[in-house]
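This chain uses plain numbering: 1 for the first residue, then up along the sequence. When reading the values below, keep in mind they use all heavy atoms of this one structure, side chains included, and skip hydrogens, waters and symmetry mates.
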Amino acid sequence: MTDPQRSLLEVLDAATSAEHYRELAWEGSFDEYLGLVESDPRIARNAWQRLIDMIESHGRELPGRGGAGEFIRWKLFDDPFTEGRDAVYGLDEPLAALVSTIRAGACGYGPERRVVLLHGPVGSAKSTIARLLKRGLEAYSRTADGALYTFTWHVDDEVIPSPTNQDPLLLVPSEARRALEKRLNANLRSEYRLRIEGELDPVGRYYQSLLMNRYDGEWRKVLQHVRVRRLLLSEADRIGIGTFQPKDEKNQDSTELTGDLNYRRIAEFGSDSDPRAFNFDGEFNVANRGMLEFVEVLKLDVAFLYDLLGATQEHSIKPRKFAQTSIDEVILGHTNEPEYKKLQSNDLMEAFRDRTIKIDIPYNLRVQDEQRIYERQFSRREGPGPRLAPHALEVASLWAVLTRLQDPTHPNLSVLQKAKLYDGRELSGFTREQVREMRETAEREGMEGISPRYVQDRIATCLVSGAPTVSAMQVLDALEHGLRHHSLVSNEETRKRYVQLVATAREEYEDVIQREVQVAIAADREAIDRLCSKYIDNVKAYVTREKVIEDGGRESDPDERLMRSIEEKIDIPQSRKDDFRHELMNYIAAMHLEGRRFDYRQNERLSRALELKLFDDRRDSIQLTSLVSTIVDPDTQEKIGVIRDRLMREYGYDELSADEVLQQVAGIFARNKDEEEGEEAT
């Protein structure tokens, strides 16, 4: 709680730390720096090693049980920097592959000499992943574990910073490096090994040569002109984090990557090959010691790609008028599908393909994770304004995922059921292994479909429509209407498919709200829990050929009528009842062996059967058609009020949206009743 007695200046002063600032601004001699390195050899890590340590510093969630959590979840991608604003959901598998690639590069197994290429459709979070890696490096360089250092030359009253912020250990002569590495690795507890690789940049070589000549080769005297300082990575300040975005061919210049001559200083030093007359400010130079992001890398001119290949394979670049210059950085590119197809068909790009590690970043295929993307944007709005009714984001997420799925090859599986399986729901006849195999065989799944941006834009139009509450039906209507003008849906056949999937999502939504109203009419959750417990007791007694122990200790035969009244709700025929009951008991037993507790809510078919049974038992207490009647007696009005209150309490509706749902469900039941009467008359 804020202390009203403290001034604003005192509050701000309490949030700052002069000691922390002094740590970040540390400066010392080369000897003092060697002391730091010996006490913590991690200071000598290269860019790949620092990147993997940064990712691991945020922690991870190990694979769990159930439909979710099949791959390690790296918490960096939850976006700890801006409270989850850029969190990446539903991409644990490709992110795990990315982290594994970075780890292999840190160990020196080969990826460190490749371009890591994130490939996927528009809006699949490629740029967001790169942004989180860059933010992570920035923050990590400000911690004790992520500390790294560079140096400046102090020569004849002149202070010359290392233009590419090189590691001070590059000052160590090559003949002494192996001994230093051995000493450092002896104290290092890590899966990777430290190596001092590369040479000083042209400016460093110039001053080292100048001072070596001055002191007749006495290396220790040369080091007296070196001051080491803490290096803080910053994209905004262009220190250790670079970003390059291609422009049109007329405006592209390779000097944007490798630096350019400083013509003003050429006159001062008399030569355009003097390193002091060169600006080492290209993106390769800027990103040294950290990471370089290439936005839409495959739009680069071919001439640029040669610089990129040298930077990855040889860890060096060729500034104009100078020899190869060492760099130490992770190069990450990303591209969309059309550009990648051009790459595959271009024989001139074979060298680039050979030096690229492609990691597919598809669209999310889990409805729950897709919903979290939209909740992140729309559920944090503060202040007055329209609100989204329950299920509005859920049905939008369902539709988006449906557009990304390939039609199932299994004859008894619909695309809606496939989406539910991917979302971790149980479906009779399909095991977790079968679902995993289904995903593995559908290689193109998630690489096409509707992007989250389109869905976000259509939801936004609903929120400014003037309605106090935006319903799921309004959102679905907006999604369908927008397809007429969607620039990325030019194929009429594709548009028709997406429209049909809107109808599929609408039917699923109607099933959901029918279920909620039925539960609200039938009873609260406790009543369904009691019915489930009674059903399970009877099934267990039936399967084990035992008696049912009732309240008071009285024994009785299993209640066949009760069991069939529930099973018939989910179309279990008489001939299949034994199989169903044995499957249910085996499932409960398996969960018990795994240390898990059976919850009927996780079994969609059983949960639905219980709710329908209870609804049928109590439906006579209120006629659904009275919900749409203009004349309602006080007794019925009171019952409707109870149902509305349950919807608001159990499912999060407000009064307006609860009334709307009741009207919709009443209409659905009236329609179903008319259809049944028509069939009977026929």
Side-chain angles (χ1 to χ4, degrees), residues 90 120-127 296 336-339 341 362-367 369-379 381 385-408 414-416 418-419 444-513 657 660-661 663-664 667-668 671:
V122 294
S124 61
K126 301 181 295 296
S127 299
E296 299 295 346
N336 293 327
E337 185 83 355
E339 282 75 25
K341 287 182 178 178
Y363 287 133
N364 167 47
L365 297 178
R366 284 176 53 85
V367 176
D369 290 325
E370 187 75 9
Q371 185 173 343
R372 293 172 71 186
I373 295 174
Y374 307 135
E375 286 175 346
R376 180 181 62 198
Q377 177 170 349
F378 297 112
S379 297
R381 295 179 301 107
R387 68 184 297 272
L388 289 162
H391 308 301
L393 298 183
E394 181 184 341
V395 295
S397 304
L398 172 62
W399 176 75
V401 168
L402 289 174
T403 67
R404 303 164 188 171
L405 297 178
Q406 297 178 3
D407 289 333
S414 69
V415 68
L416 177 62
K418 188 178 186 181
R444 292 285 306 164
E445 208 155 55
M447 301 302 285
E448 297 173 347
I450 288 293
S451 83
R453 292 173 186 160
Y454 171 77
V455 178
Q456 290 168 330
D457 292 344
R458 301 312 299 165
I459 293 173
T461 62
C462 293
L463 289 171
V464 297
S465 64
T469 301
V470 176
S471 69
M473 285 295 194
Q474 288 175 281
V475 170
L476 287 172
D477 289 342
L479 291 172
E480 181 176 350
H481 180 75
L483 290 173
R484 303 172 189 172
H485 315 290
H486 191 12
S487 59
L488 297 181
V489 185
S490 56
N491 186 303
E492 182 63 20
E493 185 177 341
T494 301
R495 191 189 70 80
K496 288 181 179 178
R497 177 174 177 268
Y498 290 172
V499 170
Q500 179 57 46
L501 292 175
V502 171
T504 301
R506 188 177 285 113
E507 290 174 4
E508 176 65 13
Y509 169 66
E510 289 181 350
D511 285 345
V512 169
I513 59 175
S657 58
E660 183 176 344
V661 164
Q663 294 281 342
Q664 289 173 347
I668 293 169
R671 185 174 69 231

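A pairwise comparison of heavy atoms in Ala400 and Glu370 identifies CB-OE2, 3.9 Å as the closest pair. Listed here is the closest heavy atom pair of His391 and Glu394: ND1-OE1, 2.8 Å. Residues Arg497 and Leu405 share a closest heavy-atom pair of NH2-O, 2.9 Å. A pairwise comparison of heavy atoms in Gly123 and Pro452 identifies O-CD, 3.4 Å as the closest pair. Across Glu448 and Tyr363, no two heavy atoms sit closer than the pair O-CD1, 3.7 Å. Residue Ser471 comes nearest to Ala389 through the heavy atom pair CA-CB, 3.9 Å, listed as atom of the first residue, atom of the second, then distance.
Rounding to the nearest 0.5 Å places CD1 of Ile668 at 10.5 Å from CD of Glu507. Ile459 contributes atom CD1, which lies 6.5 Å from atom CG of Leu388 (distance to the nearest 0.5 angstrom). Once rounded to the nearest 0.5 Å, the distance linking OH of Tyr374 with OG of Ser397 reads 5.5 Å. Within the model, atoms CG of Leu501 and CG of Leu416 stand 9.5 Å from one another, a figure rounded to the nearest 0.5 Å. Once rounded to the nearest 0.5 Å, the distance linking CG of Leu476 with CH2 of Trp399 reads 9.0 Å. The line from CD1 of Ile513 to CD of Glu660 is 8.5 Å long, rounded to the nearest 0.5 Å.
Of the possible donor and acceptor atoms, one in the side chain of Thr504 sits under 3.5 Å from a partner among the backbone N and O of Gln500. For the pair Asn364 (side chain) and Arg366 (backbone), a donor-acceptor distance under 3.5 Å is present. With hydrogens and angles disregarded, a donor-acceptor distance shorter than 3.5 Å links the side chain of Thr403 to the backbone of Ile450.
Counting only heavy atoms from C-beta outward, the side chains of Arg387 and Val470 never approach each other to under 4.5 Å. Residues Tyr454 and Leu479 are in side-chain contact: their nearest non-hydrogen atoms beyond the backbone lie under 4.5 Å apart. The shortest distance between side-chain heavy atoms of Val395 and Met473 does not fall below 4.5 Å. Put simply, the side chain of Tyr509 reaches to within 4.5 Å of the side chain of Gln664, judged on heavy atoms. With contacts defined as side-chain heavy-atom distances shorter than 4.5 Å, the pair Gln456/Ile373 qualifies. At a threshold of 4.5 Å between non-hydrogen side-chain atoms, the residues Pro386 and Thr469 do not count as touching.
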Going through the distances and angles, do Glu337 and Arg444 end up as a salt bridge (Lys or Arg N to Asp or Glu O under 4.0 Å)? CA-CA 11 Å; Glu337 185 83 355; Arg444 292 285 306 164; 2.9 Å; yes
Test salt bridge (Lys or Arg N to Asp or Glu O under 4.0 Å) applied to Glu296 and Lys126, step by step: CA-CA 10 Å; Glu296 299 295 346; Lys126 301 181 295 296; 6.0 Å; no
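With respect to Glu375, the side chain to side chain donor-acceptor pair (under 3.5 Å) criterion is satisfied by exactly one of Arg372, Gln377, Gln371: Gln371.
Using a 4.0 Å cut-off between charged nitrogen and carboxylate oxygen, Glu480 and Arg458 do not count as a salt-bridge pair. A salt bridge is defined here as a Lys NZ or Arg NE, NH1 or NH2 lying under 4.0 Å from an Asp or Glu carboxylate O, and Arg495 with Glu492 meets this definition. Ionic pairing of Asp477 and Arg506 is present here: one or more N-O contacts between side-chain nitrogen and carboxylate oxygen are shorter than 4.0 angstrom.
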